[in-house]
Amino acid sequence: METTVALAGNPNSGKTCLFNELTGARQHVGNYPGVTVEKKEGKFTRNGHTIHIVDLPGTYSLTAYSVEEVVARDFLVNDRPGVVIDIVDASNLERNLYLTVQFLEMGFPMVIALNMGDVAKKRGIDIDIEKLSILLGVPVIPTIARTGNGKEDLMDAAIRIAQEEKQRMPLIVSYGDDIDGALIEMEEIINTNVFLTGTYPARWIALKYLEGDEQIMSKGQKRNPGVSKQLENITGRVSDHLQKTLNIYPEAIIADHRFGYINALARQGVITLRDSHDRLYTSDKIDKVVTNRFLGPIIMIGVLMGLYHFTFTYSEVPVGWLESFFGWLGNAVSTHMPDGLLRSLVISGIIDGVGGVLGFVPLIMFMFFGIALLEDSGYLARVAFMLDRVFRVFGLHGSSVMAYIVSGGIAGGCAVPGVMATRTLKSPRERLATLLTAPFMNCGAKLPVFALLIAAFFEKHEAMMMLVITLISWMGALLIAKLLRSTIIKGEAMPFVMELPPYRLPTFRGLAIHTWERTWQYIKKAGTIILAISVILWAMMTFPGLPDSQRQEFDKERTAVMAAVNTDTVHELEAAGDNVELSLGAVELRGHLAAIDSREADAGLRNSLAGRTGIALESVSKWAGFDWRTNIALIGGFAAKEVVVSTLGTAYSLGDVDPEESGSLSEMLSKTPGWSPLAALSLIIFTIFYAPCFVTVVMIVRESGSWKWGLFSMAFNTLVAFLSAVAVFQIGSVIGMGI
Amino acid sequence: MINKMQHLSHVAPGKTVKIISLAGGRGFHARLVSMGLIPGSVIKVLSQAMMGTHIIAHGGCRLAIGRGMAHRIIVSEQQEIITAGGLSDDHSQHA
């Protein structure tokens, strides 16, 4: 028999810790449908019972003001878990019980996990567990989530409650004469009309009307507008009365009485305080330094640079292993498979595609490990709070900085882990704005493009140009975030109040689980889609192939070149390995053949779907100073931004250009008519802002929960990029920069 | 024994104050209340960090509050010391 158990509780109550302890690595992470809220599920087996555990988002309350709260509430109501385990932080008992009381008012079968009793004890708080259990009427099991202490008892209690109780009587809290009177009146209307009572307890619906809960009210209006109107009238009457007499909203009185109820509970001997001195905890001492006006920012910059360094430097080695593995695989395939379309598909389409995806894996693992470390230790909350004022101006959140930096805020990151890093953001609008603008940062793959163009046209100002490029992308990202937040992702900024959890030493188990679950999710989901898109891009640059007549012509040329030299040279070249010294004649022959190959590649590219698109786009792209070759390169850049360089190489008849060593290509570009520093600048601007690579797009889709935003980022970013590039190119032309 | 009322944003670090009222909209109110900050709560301002953000202690809990928000919390100065568990004697007058 499988029982579903929902884990609920305040943020920082140890809920995630307990979830990890219960489920270990048997977790599944996804999103709640349609919203950017992470949904974690897992399994726990005990005495033959398999328990399906759902980790609800951490919330302080059950209002309709935050997505997390609505998600938690809807899950409990719609999925009807067998039991709700409410994790309560014993060292902050009163505040945590505020949520507990709201669960009890909804009448869910419940078990309380009283967590962190050890911390509470250290702070001089003694809790009478038995009394608390009797007064609330639910089992209370002490746990220490960090070590997993008490988890068996907790699950036993949960199984018992799930089997015994299907529905319990909702808790009734008295809210004072004004509210209670209205509640009784409203309950009667609700009950006689069977108004939403299949879903919620009558008194709870009435309470939500009084609290002005928009979600419940709109549900009510849909169900029965007449009844809803009646309830709204009573609410209006009570509200007016309270405004006149006490100058207060009904929900303020409701909240006050809930706390009053909790206080009364605490006074009945549940809480005993030993030494009640205003102690400065270790955590406060650390905060004195770490959030200091002057030291704080310096330490923060150090830590963020450290994270960046850690992610990109130490992942280099395993990334190298993967690269050489896929390189070897590609070579092995090319020697063992006959030349032809199938080989090209396997190498360029599949191996390069899959390799491209798996190549990111070490990077993602390192980044998530670093973030998990910052998050679990409690430092991330401090970063968010220190930067909030700056980011708030642009409609973002303090935590946005993380995603920006990982994406390449300090040039050389990667937008894929950057988009995933937005998970630390809890407010959905800010999160969406962040994940849509993070790809404007300069990831490591854009750098070869910049390096190429800077080397060709701005050689003397190399360092300056890199700084300018970095500033342009930050300014662009922040301004566009502001634009998005004041248009399509409009909505008031979440008022900034945030709990600063005490600093804790993260557990290795927790770090490992957080790192692995997110990495695996990336491999699994992205791998399938990315493979498909990679094959499509390959096909676009391959089909339709050159017509036979043209191909024969290139063959003829080759034969002619080979016939011109003596057969020994031909044999020497054919037999030669990679590192063999060749005779002069063979080197020359090889050069001739390579030139023919690259001309054939060029003709093939022109004829391919991507080539034709590039040529077709030229009429528009010329406004920004791009010719058809640049267009193809940019289209190829959608696969991965490094491809821009290698495709430009192909397009400029140089054959394969290694993105790391583009010296000859940059020379070539600087001499090609049509290119100028201005055209290069225009291309740099375009490269910063245009459509993210498809791996990033796939991640945007995953993280935002809809294809809409993935497609939006492709279209919108390209438009922004194009307009900026055109502006730069046209204004530059007028003032005479481009010659 | 009503002391001078002021905005939380103007309270100097180290001072202990009692929340008198929350002068904001319903969302603002709901959010603070859910975190345990209600009229009557006694809090201590621990520090004022970058750009006017306050760190306050409310019982065992530490909260960072933005300046805009702190400006809408009306408090009065207190002599009493907050207890470790965050229990203040002041809920009774509302309950």
Side-chain angles (χ1 to χ4, degrees), chain A residues 59-61 63 65-66 91-95 98-99 119-120 123-125 211-212 249 251-252 255-257 259-261 263-264 266 271 273-279 281 283-284 287-288 291-293 296-297 381-382 384-390 392 492 494-502, chain B residues 8 13-14 16 21-42 44 46-70 72-73 80-95:
Chain A
T59 62
Y60 295 104
S61 180
T63 61
Y65 288 109
S66 89
S91 61
N92 277 311
L93 189 65
E94 293 180 293
R95 194 198 66 199
Y98 186 68
L99 181 66
V119 179
R123 293 189 183 171
I125 306 164
E211 285 180 348
Y249 296 116
E251 67 260 34
D256 221 51
H257 280 80
F259 275 110
Y261 174 84
N263 246 307
I271 298 182
L273 297 170
R274 273 179 280 115
D275 68 304
S276 55
H277 289 300
D278 184 20
R279 281 171 43 199
Y281 306 127
S283 219
D284 294 332
D287 265 339
K288 273 227 146 52
T291 62
N292 177 285
R293 234 171 240 255
R382 274 77 181 176
F385 122 82
M386 282 190 275
L387 284 173
D388 193 69
R389 274 305 291 278
V390 184
R392 175 154 304 247
E492 215 187 314
M494 288 277 264
F496 186 73
V497 52
M498 182 172 176
E499 193 179 348
L500 298 176
Chain B
L8 179 61
T16 300
S21 65
L22 306 173
R26 299 180 107 166
F28 166 81
H29 189 272
R31 196 159 159 76
L32 283 181
V33 162
S34 70
M35 298 180 97
L37 298 181
I38 58 169
S41 302
V42 174
K44 178 174 178 178
L46 289 184
S47 66
Q48 198 184 353
M50 281 210 318
M51 289 178 274
T53 309
H54 279 64
I55 299 184
I56 61 158
H58 175 234
C61 175
R62 302 293 175 264
L63 296 169
I65 293 186
R67 187 170 63 179
M69 242 184 151
R72 289 188 280 169
I73 300 175
E80 63 189 282
I81 293 166
I82 34 164
T83 53
L87 273 176
S88 53
D89 293 326
D90 307 288
H91 292 309
S92 49
Q93 68 191 56
H94 297 273

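Letters go in sequence order (proteins before strands), and every chain restarts at 1.
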Locate the shortest heavy-atom distance separating A/Asp256 from B/Pro39; write the atom from each residue and the value. OD1-O, 4.3 Å
Intermediate values then yes/no, side-chain contact (heavy atoms from CB on, under 4.5 Å), A/Arg95 and B/Cys61: CA-CA 9 Å; A/Arg95 194 198 66 199; B/Cys61 175; 2.9 Å; yes
Taking all non-hydrogen atoms of both residues, which atom of B/Leu46 and which atom of A/Lys288 are closest, and how far apart? O-NZ, 4.3 Å
Return the CE to CE distance between B/Met35 and A/Met498, rounded to the nearest 0.5 Å. 8.5 Å
Is there a side-chain contact between A/Leu500 and B/Ile55, using heavy atoms and a 4.5 Å cut-off? yes
Heavy-atom pairs under 4.5 Å with chain A: which of B/Gly66, B/Ser34, B/Ser21 has the most? B/Ser34
Could you look at B/Leu32 and say if it's the side chain, the backbone, both or neither that has a heavy atom under 4.5 Å from chain A? side chain
dist B/Leu37:CG -> A/Tyr60:OH (nearest 0.5 Å) comes out at 10.5 Å
Output the distance between atom NZ (B/Lys44) and atom CG (A/Asp284), rounded to the nearest 0.5 Å. 9.0 Å
